[in-house]
Amino acid sequence: MKFRILILITIVFISCESQENTETNKPAEFEQLMTTQQYKTVQNTDENLLSLDIYYRNDTDLKKPVVIYVHGGGWSIGDKANNLDNKINLFESLNYVFVSVNYRLSPLPSQSEPDRIKYPIHNIDIADAIKWVLDNIAQYGGNQEKIALLGHSAGAHLVSLTGTNRTFIEQTGYSLSNIKGVASIDTEGYNVRKEVLDGNQVYINAFGTDEQENFDASPLFNVENNVDNPKFFIAKRGSASRIEIADMFIQELNDNNVETYQVNGSEYDHNGINNAIGNQGETTISLPLIEFFELCFE
């Protein structure tokens with residue numbers, strides 16, 4: 001069982017060295033670009049919900065690591081363009097290709113119609129977006145062999161489930177081996193079943209109440225001891241019960257020999273921990289996250 005807690009001094013050293021080398025290797029004439037692409041179409045669905053934004057540089061001959069970001073919002077609100085400035089700057093400084101994806105959203109206010117947008121539709125969309133990236137990112141300077149996921153809140157649940165319940169990625173023709181790392185930033189969604197039984201209407205709206213579906217939707221209950229597992233980074237924060245849920249997931253990852261890293265970001269609130277990513281001078285989340293991605297892309 002491998003379990004490592006990141007040490008700040010080491011992180012600062014590695015991060016500074018990495019940023020220095022990256023800046024040295026980036027020719028001044030290369031500019032940052034952005035394009036929006038449709039990763040699939042579904043009848044009677046807003047095209048924006050099935051699109052992704054790619055932030056890249058026009059030196060596309062050099063294949064770079066790719067980070068795919070999934071936004072939060074209780075599976076009901078949010079957009080791929082929200083709160084991205086710090087993240088865009090961070091991944092540009094690392095010379096990575098950065099992709100932010102949308103997915104179909106559950107109804108708001110909460111509804112009970114059985115045919116509403118709910119699990120597993122969100123995760124199917126995320127898997128299809130990942131497939132599109134794997135199939136097409138090379139033309140934007142991305143390295144298909146160096147793909148990692150990043151998500152906050154509901155997005156943290158979605159990337160964590162993508163990295164544990166292999167059903168979704170395998171339905172696209174790819175496997176967990178195509179995902180090198182998963183960074184999950186502050187979610188209680190590791191145990192969907194508990195939230196549903198507690199009467200959490202956000203979860204009931206997004207996942208329904210079927211027991212087996214709730215277990216299938218819970219990263220906690222889908223970790224397998226498999227050589228293809230991606231590395232995991234867990235940023236936890238908040239109340240003792242919220243941290244306990246994250247710790248249970250971390251323990252399950254460790255018990256299944258998944259290389260796992262964790263940080264406690266309780267100095268932030270739920271939105272603050274997301275906004276901290278890439279914030280200049282921020283060390284609690286950003287620097288450990290930089291080191292994690294560097295390890296994923298070795």
Side-chain angles (χ1 to χ4, degrees), residues 1 3 70-78 103 105-114 116-127 149-168 182-226 229-230 232-256 258 260-266 268-271 273-274:
M1 177 177 70
F3 180 63
V70 182
H71 70 80
W75 304 272
S76 294
I77 60 173
Y103 50 93
L105 300 170
S106 295
L108 189 72
S110 177
Q111 299 178 17
S112 58
E113 287 80 355
R116 70 188 184 277
I117 299 297
K118 64 179 182 66
Y119 177 85
I121 290 174
H122 316 103
N123 268 98
I124 291 171
D125 289 349
I126 297 304
L149 310 180
L150 168 66
H152 169 250
S153 193
H157 162 267
L158 292 173
V159 298
S160 295
L161 191 63
T162 301
T164 53
N165 187 332
R166 62 182 58 253
T167 302
F168 297 103
V182 175
S184 175
I185 312 298
D186 192 22
T187 183
E188 290 179 317
Y190 302 121
N191 189 343
V192 168
R193 185 59 181 167
K194 176 185 182 301
E195 298 302 320
V196 169
L197 290 176
D198 286 348
N200 189 323
Q201 290 301 309
V202 172
Y203 281 79
I204 292 172
N205 182 44
F207 298 97
T209 58
D210 181 85
E211 181 178 12
Q212 187 57 56
E213 285 196 348
N214 289 172
F215 283 123
D216 290 344
S218 302
L220 178 63
F221 302 116
N222 284 277
V223 183
E224 298 178 85
N225 193 334
N226 189 288
N229 286 326
F232 263 81
F233 174 96
I234 308 296
K236 58 187 181 180
R237 57 150 297 280
S239 66
S241 61
R242 189 178 186 89
I243 289 177
E244 181 182 14
I245 292 172
D247 284 340
M248 290 176 65
F249 182 55
I250 291 167
Q251 187 62 53
E252 188 68 17
L253 291 168
N254 290 330
D255 289 346
N256 284 276
V258 179
T260 307
Y261 305 81
Q262 64 168 301
V263 295
N264 190 321
S266 291
Y268 298 110
D269 63 17
H270 183 58
N271 291 325
I273 196 171
N274 184 40

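Computed from a prediction, not measured in an experiment: that's the story for all the values here. Just so it is clear, the values below take in all heavy atoms, side chains as well, and ignore hydrogens, waters and symmetry mates.
Residues that satisfy the side chain to side chain donor-acceptor pair (under 3.5 Å) test with T162, not counting sequence neighbours, are N123. Among residues two or more places apart in sequence or in another chain, the ring pair (Phe, Tyr, Trp, His ring centres under 6.0 Å) test is passed with H157 by W75, F207. Every residue two or more places apart in sequence or in another chain was checked for a side chain to side chain donor-acceptor pair (under 3.5 Å) with N191, and none qualifies. For F249, the ring pair (Phe, Tyr, Trp, His ring centres under 6.0 Å) test picks out Y190, F232, with sequence neighbours left out. Shown here are the side chain to side chain contact (heavy atoms under 4.5 Å, CB included) partners of I124, two or more places apart in sequence or in another chain: K40, P120, D128, F168. Annotation: ring pair (Phe, Tyr, Trp, His ring centres under 6.0 Å) contacts of Y268 (sequence neighbours excluded): none. Evaluation of the side chain to side chain donor-acceptor pair (under 3.5 Å) rule for Q212 yields D216 as partners, not counting sequence neighbours. Taking the side chain to side chain donor-acceptor pair (under 3.5 Å) definition, one finds that E224 meets it with R166, sequence neighbours left out. Taking V159 as the reference, V70, L149, V182 meet the side chain to side chain contact (heavy atoms under 4.5 Å, CB included) condition, with sequence neighbours excluded.
When atom types are taken as modelled, the side chain of Y203 and the backbone of G189 share a donor-acceptor pair closer than 3.5 angstrom. Of the possible polar contacts, one joining the T187 side chain to the S153 backbone as a donor-acceptor pair under 3.5 Å is found. At distances below 3.5 Å, at least one donor-acceptor pair connects side-chain atoms of R116 with backbone N or O atoms of N205.
Considering all non-hydrogen atoms of both residues, A156 and S184 come closest at CB-OG, 3.3 Å. When all heavy atoms are compared, the tightest approach of S218 to V192 is OG-N, 2.9 Å. Of all heavy-atom pairs spanning S76 and P107, the tightest one is OG-O, 3.8 Å.
One distance of note links NE2 of H152 with CG of L158; it measures 12.5 Å at 0.5 Å rounding. Here the CG-CD distance, from L220 to Q251, works out to 11.0 Å after rounding to the nearest 0.5 Å. With rounding to the nearest 0.5 angstrom, the OG atom of S106 is 12.5 Å from the CD1 atom of I204. In this structure, N222 CG and N165 CG are separated by 4.0 Å, a value rounded to the nearest 0.5 Å. Considering CZ of F233 and CG of L150, their distance stands at 9.0 Å, rounded to 0.5 Å.
At least one side-chain heavy atom of H122 sits less than 4.5 Å from a side-chain heavy atom of I117. Taking 4.5 Å as the limit, every side-chain heavy atom of H71 sits out of range of all side-chain heavy atoms of N274.
Sorted by first and then second residue, the pairs that involve residues 192-210 and meet salt bridge (Lys or Arg N to Asp or Glu O under 4.0 Å), not counting sequence neighbours, are K194-D198. For residues 239-252, the set of pairs meeting the salt bridge (Lys or Arg N to Asp or Glu O under 4.0 Å) definition, not counting sequence neighbours, comprises D186-R242, E188-R242, K236-D247.
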